[in-house]
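This chain uses plain numbering: 1 for the first residue, then up along the sequence.
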Amino acid sequence: MPFVTGTTKAGASWTPTFVENIDSEKCIGCGRCFKSCARKVLGPEDLEDEESESIRMIMTISNDADCIGCAGCGVACPKKCFSFKPMDVQ
Ligand code: SF4
Ligand code: SF4
């Protein structure tokens, strides 16, 4: 199955990889990914930790449809929380 591709400014082909998942166990809620995304795809959420009965912030994919597959959020993340996937051509 072929993937959706784009071109660089110089005309070279590249394959965008779209955000697929954020590992909530690894996420420390630092917000670096949120600041790096120009498409407003990500959003913070409170997660209740049942063991410690405390609440911590994690990042979630709140607007999946606007992702352009740049993978910049993954570069910004210090905990390697992100996974990405290219998109099949429909
Ligand atoms: S891949 Fe790019 S557009 Fe998609 S969520 Fe990450 S930074 Fe935003
Ligand atoms: S950059 Fe990584 S650790 Fe920081 S909020 Fe985003 S997903 Fe979580």
Side-chain angles (χ1 to χ4, degrees):
M1 176 76 78
F3 297 125
V4 169
T5 58
T7 56
T8 67
K9 195 172 178 183
S13 178
W14 74 289
T15 304
T17 52
F18 298 88
V19 67
E20 169 109 313
N21 186 53
I22 303 173
D23 187 334
S24 62
E25 294 297 314
K26 289 190 200 165
C27 179
I28 55 171
C30 69
R32 288 182 199 181
C33 56
F34 180 78
K35 288 180 192 162
S36 76
C37 180
R39 301 287 299 173
K40 302 197 186 314
V41 173
L42 309 173
E45 231 176 59
D46 287 338
L47 180 73
E48 200 176 331
D49 187 332
E50 285 175 13
E51 262 181 40
S52 65
E53 292 183 359
S54 61
I55 291 178
R56 66 186 177 95
M57 195 194 87
I58 57 162
M59 202 55 66
T60 64
I61 304 165
S62 57
N63 179 22
D64 184 58
D66 276 347
C67 180
I68 57 170
C70 70
C73 49
V75 174
C77 178
K79 303 298 282 182
K80 301 196 187 321
C81 298
F82 283 84
S83 51
F84 300 92
K85 213 170 101 176
M87 194 192 309
D88 293 337
V89 172
Q90 300 294 317

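Taking Val4 as the reference, Met87, Val89 meet the side chain to side chain contact (heavy atoms under 4.5 Å, CB included) condition, with sequence neighbours excluded. With sequence neighbours excluded, the residues forming a side chain to side chain contact (heavy atoms under 4.5 Å, CB included) with Ser83 are Glu20, Asn21, listed by chain and number.
Distance check, rounded to the nearest 0.5 Å: SG of Cys73 to CZ of Arg32 gives 14.0 Å. Remark: Lys26 NZ to Ile58 CD1 distance equals 14.0 Å, nearest 0.5 Å. Summarising the geometry, atom SG belonging to Cys30 is positioned 8.0 Å from atom NZ belonging to Lys35; distances are rounded to the nearest 0.5 Å.
Thr15 and Phe3 make their closest contact through CG2-CB, 4.0 Å (heavy atoms, listed as atom of the first residue, atom of the second, distance). The two residues Ile68 and Phe18 have their closest heavy-atom pair at C-CE2, 3.4 Å.
Hydrophobic side-chain contacts under 4.5 Å tie Phe82 into a cluster, directly or through other members, with Val19, Ile22, Phe34, Val41, Leu42, Met57, Met59, Ile61, Phe84.
Distance alone, capped at 3.5 Å, places no donor-acceptor pair between the Arg39 side chain and the Asn63 backbone. Judged by distance alone, the side chain of Thr60 and the main-chain N or O of Gly43 form a donor-acceptor pair under 3.5 Å.
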